[in-house]
Number of protein chains: 2
Amino acid sequence: MKISAQEEFGLRCLLQLARASAAGESLTLAQIAEREGISVANAGKLMWILNKAGLVRSQRGIKGGYYLARPASEIHLNQVIRVLDGERVDSHCKSYAGVLDACVHTGDCGIRPVIVELHQIVDNALSDITLSQLLDTEANVDAALHQIHITKQRSEQRA
Amino acid sequence: MKISAQEEFGLRCLLQLARASAAGESLTLAQIAEREGISVANAGKLMWILNKAGLVRSQRGIKGGYYLARPASEIHLNQVIRVLDGERVDSHCKSYAGVLDACVHTGDCGIRPVIVELHQIVDNALSDITLSQLLDTEANVDAALHQIHITKQRSEQRA
DNA sequence: GCTAAACCTTACTTTAAAGTCAACTTTCAA
DNA sequence: TTGAAAGTTGACTTTAAAGTAAGGTTTAGC
Ligand code: FES
Ligand code: FES
């Protein structure tokens, strides 16, 4: 259970764009790459993925660059992760079938619900966090996340 | 955010042992491998990891085999995952540093709390599930997991 | 319209994880 | 005591993800 490099760096780059967009600016690939310490080529690949998914927009030409497609407060982390993950969210059992296919095709499996539930929990937790919330200091972000967690539980309790 | 093959197959093999132990039996490598559709060598590797971590015990010799070190009801999934994950739980930012080390060494980072919180949420969710709970039918397991989720929220609410 | 800056796209190379193989050691039972 | 079953270990091979490179396409400005 870990976060891939694409998810990690993609999210970081998005945060850079979020910061820039607060000042109404756009960032070129070279700027993004320099600020995150990755190669220009790699930044280009990440931006291509994010652009294709509609999370960022690009302006070509001599005064071009990248900027967020929507305000940072309207971009939720679960969308970001899903995009950077290559949409492989629902392919667990298909890929880890081994030689036998007993586990895949036999309807009754005790592990599948665990996997499904786990992804729901993660997705649910991430859906409450927006890019704009991550622009604060680490201490404040941490406090905000805990606050969200508690609030969430209360609202679910009422439901 | 995905589950590695080691985690998936390791958990499956543990479930096989849990089933066998209910009948007071132990399983050989060949039996485990056949039941999960993986190679004997791979099963051996997984069992070695689980044995080293103290989750299973092995009996050598002609009547040997593997069995759970503890009752299935006392083995929680978060322990299993942590073992199979190679204890890499707290190495996120160290590995994804890129060329610059700004993100790693600069105290203030908005992403780190997200990663930490996420892992806590996952670990927390898994800690409520035991191996014995996964031996039921898929429908029952699914129902049980939802039940746990709700119960958990209530108890946290009181705290 | 030219030109240079900047993004777009595909293909290739590198690298780390997963899986396999083969030789070794231990144990039990005849 | 001896041999076969079974686990242990480390090295090797395979494979998929990550990263890189190069050429193509679009746009702003002159
Ligand atoms: S159906 Fe996929 S692990 Fe059982
Ligand atoms: S410190 Fe690791 S992502 Fe910022």
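Below, read A as the first sequence line, B as the second, and so on, with proteins coming before strands; counting in each chain starts at 1.
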- Heavy-atom side-chain contact between A/Ser21 and A/Tyr67 under 4.5 Å: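 Of all side-chain heavy-atom pairs linking A/Tyr67 with A/Ser21, none is under 4.5 Å.
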- With a 4.5 Å heavy-atom cut-off, do A/His146 and B/Glu117 have their side chains touching?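 The answer is yes, as the side chains (C-beta and beyond) meet within the 4.5 Å cut-off.
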Which nucleotide in the set [options] lies at the smallest distance from any side-chain heavy atom of [X]?
{"X": "B/Ile62", "options": "C/dA29, C/dG19, D/dT9", "result": "C/dA29"}
{"X": "A/Thr28", "options": "C/dC7, D/dT8, D/dG29", "result": "C/dC7"}
{"X": "A/Tyr66", "options": "C/dC28, C/dC8, D/dA28", "result": "C/dC8"}

- Check the side chains of A/Ser39 and A/Asn42 for a donor-acceptor pair under 3.5 angstrom, ignoring hydrogens and angles.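 The answer is no; no qualifying pair exists.
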- Could a donor-acceptor pair under 3.5 angstrom be found where the side chain of A/Lys45 meets the base of D/dG19?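 Per atom types, the contact qualifies.
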- Query: Can you check whether A/Gln31's main-chain N or O pairs, donor with acceptor, with A/Glu34's side chain at less than 3.5 Å?
  - Reply: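 The answer is no, because no donor-acceptor pair under 3.5 Å joins these two groups.
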- Task: May I ask you to say what A/Gly65 touches in the nucleic acid, namely base, sugar-phosphate or nothing, with a heavy-atom cut-off under 4.0 Å?
- Result: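 The residue A/Gly65 makes sugar-phosphate contact but no base contact.
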- For DNA chain D, whose closest nucleotide is more 5', that of A/Asn42 or that of A/Gly61?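 Counting from the 5' end, the first nearest nucleotide belongs to A/Asn42.
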- Select from A/Gln59 and A/Gln6 the residue whose nearest nucleotide in DNA chain D is closer to the 5' end of that strand.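 Closest to the 5' end, via its nearest nucleotide, is A/Gln6.
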- Message: Working to the nearest 0.5 angstrom, can you tell me the gap between B/Arg35 CZ and B/Leu17 CG?
- Response: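 The CZ atom of B/Arg35 sits 9.5 Å away from the CG atom of B/Leu17.
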How many whole angstroms separate atom [atom1] of [X] from atom [atom2] of [N]?
{"X": "A/Glu8", "N": "D/dA18", "atom1": "CD", "atom2": "P", "value": "12 Å"}
{"X": "B/Ile32", "N": "D/dG7", "atom1": "CD1", "atom2": "P", "value": "8 Å"}
{"X": "B/Leu46", "N": "D/dT9", "atom1": "CG", "atom2": "C1'", "value": "15 Å"}
{"X": "A/Leu29", "N": "D/dA21", "atom1": "CG", "atom2": "P", "value": "15 Å"}
{"X": "A/Ile38", "N": "D/dA18", "atom1": "CD1", "atom2": "P", "value": "13 Å"}
{"X": "A/Glu36", "N": "D/dG19", "atom1": "CD", "atom2": "C1'", "value": "16 Å"}
{"X": "A/Lys2", "N": "C/dA16", "atom1": "NZ", "atom2": "P", "value": "11 Å"}
{"X": "A/Ile49", "N": "C/dT9", "atom1": "CD1", "atom2": "P", "value": "12 Å"}

Residue-phosphate contact under 4.0 Å: [X] side-chain N/O, [N] OP1/OP2:
{"X": "A/Ser4", "N": "D/dA17", "result": "no"}
{"X": "A/Trp48", "N": "C/dC7", "result": "no"}
{"X": "B/Ser39", "N": "C/dT20", "result": "yes"}
{"X": "A/Asn51", "N": "C/dC7", "result": "no"}

- Nearest-nucleotide wise, let me know which of A/Met47 and B/Arg60 is further upstream toward the 5' end of DNA chain C.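 Mapping each residue to its closest nucleotide by heavy atoms, the 5'-most match is A/Met47.
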